[in-house]
Amino acid sequence: MNKKLIVITLVAFTSVLGLYFGLTTGGSGKSDSTDSSSDVKETEAPVVQPAPTPDASVILDGSVRYQTIDNFGASDAWSMDPLGKHWSEENKNQVADLLFSREKGIGLSAWRFNIGAGSNETDGSIIPDPWRRAEAFKTSESGDYDWSKQAGQQWFLQAAKDRGVNTLIAFANSPPVWMTKNGHAQPDPGVGSTNLQEGYEDEFAAYLIDVLEHFKQEGLAFDYISPINEPTWDWNRAQQEGNRYNNDDLKRVILELHRQLKESGNDAQISAPDGVEITSLLDDEYYQMFAGGGQYGSGANNLGTGKYREYIKDLLGDPELKEAIGNKIASHSYWSDYSKPGDDRLSKLRELLDANLKKYDAAAKYWVTEYCILGDYGPGRDLGMDPAMHVARTIHFDLTEANAAAWQWWTAVSKVDYKDGLIYTDFKEAGDEQNILTSKILWALGNYSKFIRPGAERVALTGLNEEAASELLGSAYVHEGEGTVTAVFVNDSEEEKRIQLSLKGLDASASIAALESYITSEGRDLARGEDVRLSGDHTFEAVIPAKSVVTLTGVGADMNGNGNGGEEAVQQNVETSPEAEEYAGYLFSYFTGEGTPDGEQVYFALSEGNDPLHWKELNGGKPVLTSTLGEKGVRDPFLIRSPEGDKFYMIATDLKINGDWNWDRAQRQGSRSIIVWESNDLLSWSEPRRVEVSPEEAGNTWAPEAFYDETTDEYVVFWASKLFADESHAGDAHQKIMYSKTRDFRTFSEPQVYMDFGYSIIDTTMIAHKGNIYRFTKDERDNQSASPYGKTVFQEVLGSVFDSGNRIIREGVGGLKGVEGPTVFKSNTEQKWYLFVDEFGSRGYVPLETTDLDSGVWTLSPDYDLPSSPRHGTVIPITKSEYDAIYAQYLSQR
């Protein structure tokens, strides 16, 4: 049974105080997964009864594909430097979580880093606001680089990387002041076509590449470099850094940078031209189709210093320039967020932009690299839903009419009275209150950025009026790698709309059992709503309230429409914590080996507070859980907390070697079942139950573990089995890692192969961190010249549980041979991870530790006192109340 996972995400912008989807019974009603600091109001009625007939019957057709989405992002100019320098670590991390974390915020997938020009030192009188000045890494032609500059921006750059942002973009508003004609970071009327000194294209390119190479060495490689920002504008005496370049100036800079990038071997791509508005991009003939005549004349075009327009023609239409920038045109989307009679910028202008791009390359790509609300609606800070709806419509048309592959907001944090920020603060200088104010624009963008991930493709969504004047808009996306489908509805009306959604172009057997909902409205900030289920006619019916944001997530089958896709899973990949209180210690479950009659049962130990290296054995060092089922012994106990935090499942190998001692029998005719216990408090446990999970050709079921997949509301359970040719279990076979899925550890999906290396591997364990999965497995081969890492543990990194692009980070983890039974967990108190491995022929369990999961470098902990004779088990974090209750039951009378 070869299934493929699909996640359906419907995002609707509406404004009634509630949400209803047909057949809502059975929804989990789980709590909001977004950051608790967002001050969510719970004043809305959760259910609005549906009207008898839908306002729109919508079809999502996965067989019709458009552009591939690269990212959603924002920039660090100008606020992140003062915040990074002067704010507390707690507040900086809160801002970073809101921007970059998919668990606590909106999960941006791109971050733009401003390479400062040095106006901080030279332009105090021209740029009075210090937040609009910037430092430079080099302040004179003969000076040395000072990489301590822009320290605040560097903090947030690292924070973005740490939280899984996978596209980093460096951009320069002006060349360094020592390369400019007037010695300032903005031109004046006397500098001519550009403020860059004549012949300094090579120095400018070399400077940018030096910056790229430095950060690459720091582990912060930029994917793109944008050397020029809004070359169209004149920037004369602007109160911020900026520079104009006519088209000839622009070409010289781009070609020289391209030449030096190739020569240096740096693989960053050039992003250009970052024009100020869509109309500046168009060929004159396309501009005339839009405006009815004339040519684009704004900005520097009226200075008489050259041409500052027709960027598509002069870049994509020039083979040499097209090679330098690829097939991508990057531009800003200012003054394009309205539709008026005779001036339809939302729809008509973007249609012409797309046609103009395709004139030169059918595969041409368009990136929106900057936008905020300007014009008459720009002034006045507004954290509410009205500007969020304005932005939602703009995003929609950029994605559906201009076929934008990326969409990036201007400044992530603002302190001014303007509609230019995602987050706002009243902080201005050191000593001021460090307040954090989230806008509805932030959360509305999150309904796109959190769910439409890099690599998604836009697909057809029909049944709605897509004119600019339409109050109900929609778009849809699929992601092959993550197995996701996303539909975004923008309801800008004052009335709720009932939508009936059908799926087409997916596997005929696709069945989406349930939908999760996430809501942004006047009273909710991307908050988790009620779950709903598929109706009997295989449609989803939703009453979408007016002016709010709703995201629905569900599970189905192969979205390719061919019925033979491999299993894919979306994993939030976050280290979860209980909702009410912080962790205060650890619980260690393990068995002690086959050397004693009761060693193959479940033992517990409690850490000494938050010290994971020193332990107290519970129950007087005797088993806490015992099995009289199956083989009447259990090994490799694995303990997992439910996502709600209120239930625990213990699973273990059904195997007893003591008294039998026949390892061949254990692998050839062993149990195909696991033993399961449940508990609500880690003190009282259910009776054990035996559940068969392996197929009949399996000779054993060893070391079961589980990993929770938040997007499907299922546990992925995996274990090692020898799979023989048939049920006789004759002949040779090797151990493979198998998996199955369950929601309740009672009913399991059909088992399938998860990992097959062509030789025996066992004892897989994994942990999620910052958007990746780190997987540890024992190489079961003999340790010899042909297999030098036999009987050692190897470490891999994956993008998700079922990511086929797994990469081995380290073989022979810790330099230890003769080890098995790895268990990995994160410290409760610091950025450190522990990996316990069983040195089965020597010391038994020993702890290794690292501060960098990506490094693969693990060192033996210098001081530790583990329980007596622990073997393959699990360490989980526990709260103070859980810790105190366990201590009271087992240790208070000692």
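In this text, all values refer to a predicted model and were calculated from it rather than measured experimentally.
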D763 and T765: side-chain donor and acceptor closer than 3.5 Å?
-> no
Step by step, would you call I876 with E882 a side-chain contact (heavy atoms from CB on, under 4.5 Å)?
-> CA-CA 12 Å; I876 67 165; E882 292 163 348; over 6 Å; no
Hey, can you tell me if F604 and W685 have their rings parallel, tilted or perpendicular (30° and 60° cut-offs)?
-> tilted
Hey, mind stepping through E631 and R665 against salt bridge (Lys or Arg N to Asp or Glu O under 4.0 Å) and telling me if it holds?
-> CA-CA 12 Å; E631 299 208 354; R665 180 208 65 83; 3.3 Å; yes
Keeping to residues at least two apart or across chains, list the ring pair (Phe, Tyr, Trp, His ring centres under 6.0 Å) pairs with something in residues 638-657.
-> Y649-Y715, Y649-F745
Would you give the length of the straight line joining atom CZ of R775 to atom CG of L798, rounded to the nearest 0.5 angstrom?
-> 4.5 Å
What distance separates N806 CG from N772 CG, expressed to the nearest 0.5 Å?
-> 12.0 Å
Would you say D636 and E705 make side-chain contact, with heavy atoms under 4.5 Å?
-> no
Pairs involving residues 666-677, ordered by first then second residue, that meet salt bridge (charged side-chain N to carboxylate O under 4.0 Å, His left out) (sequence neighbours left out) = D664-R668, R672-E692
State the CD-CE distance between Q752 and M738, to the nearest 0.5 angstrom.
-> 8.0 Å
Under 3.5 Å, side chain of Y845 to main-chain N/O of G821, donor-acceptor pair present?
-> yes
Applying the side chain to side chain donor-acceptor pair (under 3.5 Å) test to Q735, which of K722, E780, Q667 qualifies?
-> Q667
Would you say E820 and R871 make side-chain contact, with heavy atoms under 4.5 Å?
-> yes
May I ask you to test the D598-K622 pair for a side-chain heavy-atom distance under 4.5 Å?
-> no
Short side-chain donor-acceptor distance under 3.5 Å, Q795 and W858 = yes
Kindly indicate whether the side chain of P847, heavy atoms from C-beta on, has any atom under 4.5 Å from the side chain of L866.
-> yes
Option from L816, T859, V793, V824 for which side-chain contact (heavy atoms from CB on, under 4.5 Å) with L848 holds = L816
Closest non-hydrogen atom pair between H86 and A430, with its separation = ND1-CB, 3.9 Å
Is the F100 ring parallel, tilted or perpendicular to the W111 ring (thresholds 30°, 60°)?
-> perpendicular
Is the number of heavy atoms from other residues, nucleotides or ligands within 6.0 Å of NZ (K817) greater than 12?
-> no
Is there a side-chain contact between Q601 and S627, using heavy atoms and a 4.5 Å cut-off?
-> yes
For Y890 and L683, work out which heavy atoms get closest and say how close.
-> CE1-CD2, 4.2 Å
Give a yes or no on this: more than 12 heavy atoms of other residues, nucleotides or ligands lie within 6.0 Å of atom CD of E90.
-> no
Determine yes or no for a side-chain-to-main-chain donor-acceptor pair under 3.5 angstrom, with N619 supplying the side chain and P623 the backbone.
-> yes
How far apart are the C-alpha atoms of R743 and D713, what are their side-chain angles, what is the distance that settles it, and do they pass the salt bridge (Lys or Arg N to Asp or Glu O under 4.0 Å) test?
-> CA-CA 7 Å; R743 285 189 167 90; D713 241 358; 5.2 Å; no
Stepwise side-chain hydrogen bond (donor to acceptor under 3.5 Å, both in side chains) test for D854 and Y774 = CA-CA 8 Å; D854 288 300; Y774 297 87; 2.8 Å; yes
Heavy-atom side-chain proximity of I436 to L98 below 4.5 angstrom | yes
Test item: Q158 and D162 side chains (from C-beta on) under 4.5 Å apart, heavy atoms = yes
Closest heavy-atom contact between S589 and L639?
-> OG-CB, 4.0 Å
With a cut-off of 6.0 Å (strictly less than), are more than 12 heavy atoms of other residues, nucleotides or ligands near CD of E687?
-> no
Apply the test side-chain contact (heavy atoms from CB on, under 4.5 Å) to residues K92 and F156: give CA-CA distance (whole Å), side-chain angles for both, the deciding distance (0.1 Å), then the verdict.
-> CA-CA 8 Å; K92 287 190 291 188; F156 280 99; 4.2 Å; yes
Other residues, nucleotides, ligands: >12 heavy atoms within 6.0 Å of K880 NZ = no
To the nearest 0.5 Å, what is the distance between CD1 (I808) and OG1 (T777)?
-> 9.0 Å
Can you list the steps and then say if E849 with K832 is a salt bridge (Lys or Arg N to Asp or Glu O under 4.0 Å)?
-> CA-CA 7 Å; E849 58 186 61; K832 181 182 287 188; 3.3 Å; yes
F588 and Y590 aromatic centres sub-6.0 Å = yes
Side-chain touch E678/K647, heavy atoms, less than 4.5 angstrom = yes
Out of curiosity, Y739 OH to W719 CH2, how far, rounded to the nearest 0.5 Å?
-> 10.0 Å
With no hydrogens and no angle check, is any side-chain donor or acceptor of Y754 less than 3.5 Å from a backbone partner on V801?
-> yes
Starting from the C-alpha separation in whole Å, work towards a yes-or-no answer on side-chain hydrogen bond (donor to acceptor under 3.5 Å, both in side chains) for D646 and S642.
-> CA-CA 6 Å; D646 58 354; S642 71; 3.3 Å; yes
May I ask you to decide whether R746 forms a salt bridge with D744, counting only side-chain N to carboxylate O separations under 4.0 Å?
-> no
Do the side-chain N and O atoms of D654 and S673 include a donor-acceptor pair separated by under 3.5 angstrom?
-> no
Applying the ring-ring contact (aromatic ring centres under 6.0 Å, His included) test to Y834, which of F776, F825, Y864 qualifies?
-> F825
Check: G790 main-chain N/O paired with S787 side-chain donor or acceptor under 3.5 Å | no
Candidate pair L618 and L891, rule side-chain contact (heavy atoms from CB on, under 4.5 Å), full reasoning | CA-CA 7 Å; L618 303 185; L891 297 173; 3.8 Å; yes
Here the gap from I762 atom CD1 to I737 atom CD1, rounded to the nearest 0.5 Å, amounts to 8.0 Å
How far apart are the C-alpha atoms of F840 and K791, what are their side-chain angles, what is the distance that settles it, and do they pass the side-chain contact (heavy atoms from CB on, under 4.5 Å) test?
-> CA-CA 10 Å; F840 52 86; K791 299 298 189 285; 4.2 Å; yes
Answer yes if the side chains of S679 and W677 hold a donor-acceptor pair under 3.5 Å, and no otherwise.
-> no
Locate the shortest heavy-atom distance separating A652 from P637; write the atom from each residue and the value.
-> CB-CA, 4.0 Å
On a heavy-atom basis, the closest approach of I657 and E594 is CB-CB, 3.9 Å
E218/K161 under salt bridge (Lys or Arg N to Asp or Glu O under 4.0 Å): CA gap, chis, key distance, verdict = CA-CA 11 Å; E218 296 294 311; K161 181 72 172 180; over 6 Å; no
Is it true that a side-chain atom of S607 and a backbone atom of P612 form a donor plus acceptor pair closer than 3.5 Å?
-> no
For residues H872 and A703, report the shortest heavy-atom separation together with the two atoms involved.
-> CE1-CB, 3.7 Å
